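Notes for the one structure printed next.
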2 protein chains.
Amino acid sequence: MLATEKIAYDSNLPVDPRVEALVTELIGRVADKWTLLVLEELEDHGVLRFTELARGVAGISQKMLTQTLRAMERDGLVERTVHPVVPPKVEYRLTPLGHSLGEAFCGVWHWAGENLDRVEAARRTFDERG
Amino acid sequence: MLATEKIAYDSNLPVDPRVEALVTELIGRVADKWTLLVLEELEDHGVLRFTELARGVAGISQKMLTQTLRAMERDGLVERTVHPVVPPKVEYRLTPLGHSLGEAFCGVWHWAGENLDRVEAARRTFDERG
DNA sequence: CCGTATCCGTTGCGATACTG
DNA sequence: CAGTATCGCAACGGATACGG
């Protein structure tokens, strides 16, 4: 579906600076490390509870998980469902918007996987020359 | 060229956790706000001097520009050419690797532009419900 | 189980001043 | 012009303790 739409970024045409600023800010927000990992985890598993996410996303603290999930919920990327039972049960899943973001990042994940070796080689070369 | 390669990220197959950690770290490094903006600026204009970049990337401090360019050079994304003249002349341009990263991010830029309104609407809804 | 609240060290980053 | 060096504040983020 993306391929059928017109992509304006190839041109050098001037873009409304305010819109560009907003887009930049949005990317900054969404390109956060934890956001990316939570996104991937939910892409892979569909529906997850808080504790399952905490275990699935290696190294994340409960504080950052909460914070990340709140921000993603606020941005409309994640849907949060509270089941009124004891003990509490809260489920998280991607919205269509969140899923589309995951697809948009596929190219970047792919690039990173394909070029990790090249980047590491470049780093070694750079570091050796002091 | 990317489309002709096998993409493994669609599957739920287990991935070497160490590789995944490296890929994650690389994305975190490269998805930095200033890196993205410098990348776009060099994509648009080809070759730029330090001061031209400073003016082109709105809001960046000289310190962050230096830092960003050094990191990108270390990662093999940017080539730095020093012309031994007075006053000094230093030119920056993307390497093929840097250019390929720019292409990989096209999907994300596109997503952000297309969905900015939706995200802002989601935020308003979220904030109103307190 | 699913959070919130608080403390506190670490880092990020802008502002400023200086150099070849 | 193209940086480097230093300062100082603010934000990030982990650890811990507590609550519905």
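Residue numbers begin at 1 in each chain, while the letters A, B, ... track the order of the sequences. Because the structure is a prediction, the values reported are computed rather than measured.
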For B/R118, is there an ion pair with B/E120 - N to carboxylate O distance below 4.0 angstrom?
no

Does some side-chain heavy atom of A/Q67 sit less than 4.5 Å from a side-chain heavy atom of A/K63?
yes

Measure NZ/A/K33 against C1'/D/dG13 and give the value in whole Å, please.
11 Å

If we only count heavy atoms from C-beta on, is the B/R93 to B/V78 side-chain gap below 4.5 Å?
no

Whole-Å distance, A/Q67 CD to D/dA11 C1', equals 11 Å

Is there a side-chain contact between A/E41 and A/L48 in this structure, where contact means two heavy atoms from C-beta onward sitting under 4.5 Å apart?
yes

According to a 4.5 Å side-chain heavy-atom criterion applied to Ile, Leu, Val, Met, Phe, Trp and Tyr, with indirect links allowed, do A/V47 and A/L77 form part of one hydrophobic cluster?
no

Rounded to the nearest Å, what distance is computed from the CD atom of residue A/E91 to the C1' atom of nucleotide C/dC2?
13 Å

Please write out each protein N/O paired with an N/O of nucleotides 3-7 of chain C under 3.5 Å, distance rounded to 0.1 Å.
unit_1	atom_1	unit_2	atom_2	d
C/dG3	OP1	A/R70	NH2	3.1
C/dG3	OP1	A/R80	NE	3.4
C/dG3	OP1	A/R80	NH2	2.5
C/dG3	OP2	A/Y92	OH	2.6
C/dG3	N7	A/Q62	NE2	2.9
C/dG3	O6	A/Q62	NE2	3.4
C/dT4	O4	A/Q62	NE2	3.3

Interatomic distance, A/L53 CG vs C/dC2 P [rounded to whole Å]:
10 Å

Pick the closest DNA chain C nucleotide for A/R49 and for B/W34 by heavy atoms, then say which residue is nearer the 5' end.
A/R49

Show the atom names and distances, to 0.1 Å, of all donor-acceptor pairs under 3.5 Å that link a side chain in residues 49-57 of chain A to residues at least two apart or in another chain.
unit_1	atom_1	unit_2	atom_2	d
A/R49	NH2	A/P88	O	3.3
A/E52	OE1	A/R49	N	2.7

B/L101 versus B/L97: any side-chain heavy-atom pair under 4.5 Å?
no

Comparing A/M64 with A/P88, nearest DNA chain D nucleotide closer to 5' gives the residue A/M64

Single-linkage hydrophobic cluster, 4.5 Å side-chain cutoff, B/F126 and A/L39 together
no

Enter the inter-axis angle for the ends of the helix from C/dG3-D/dC18 to C/dG20-D/dC1 (five pairs per end, rounded to 10°).
30°

Are B/T51 and D/dA2 close enough that a side-chain N or O sits under 4.0 Å from OP1 or OP2?
yes

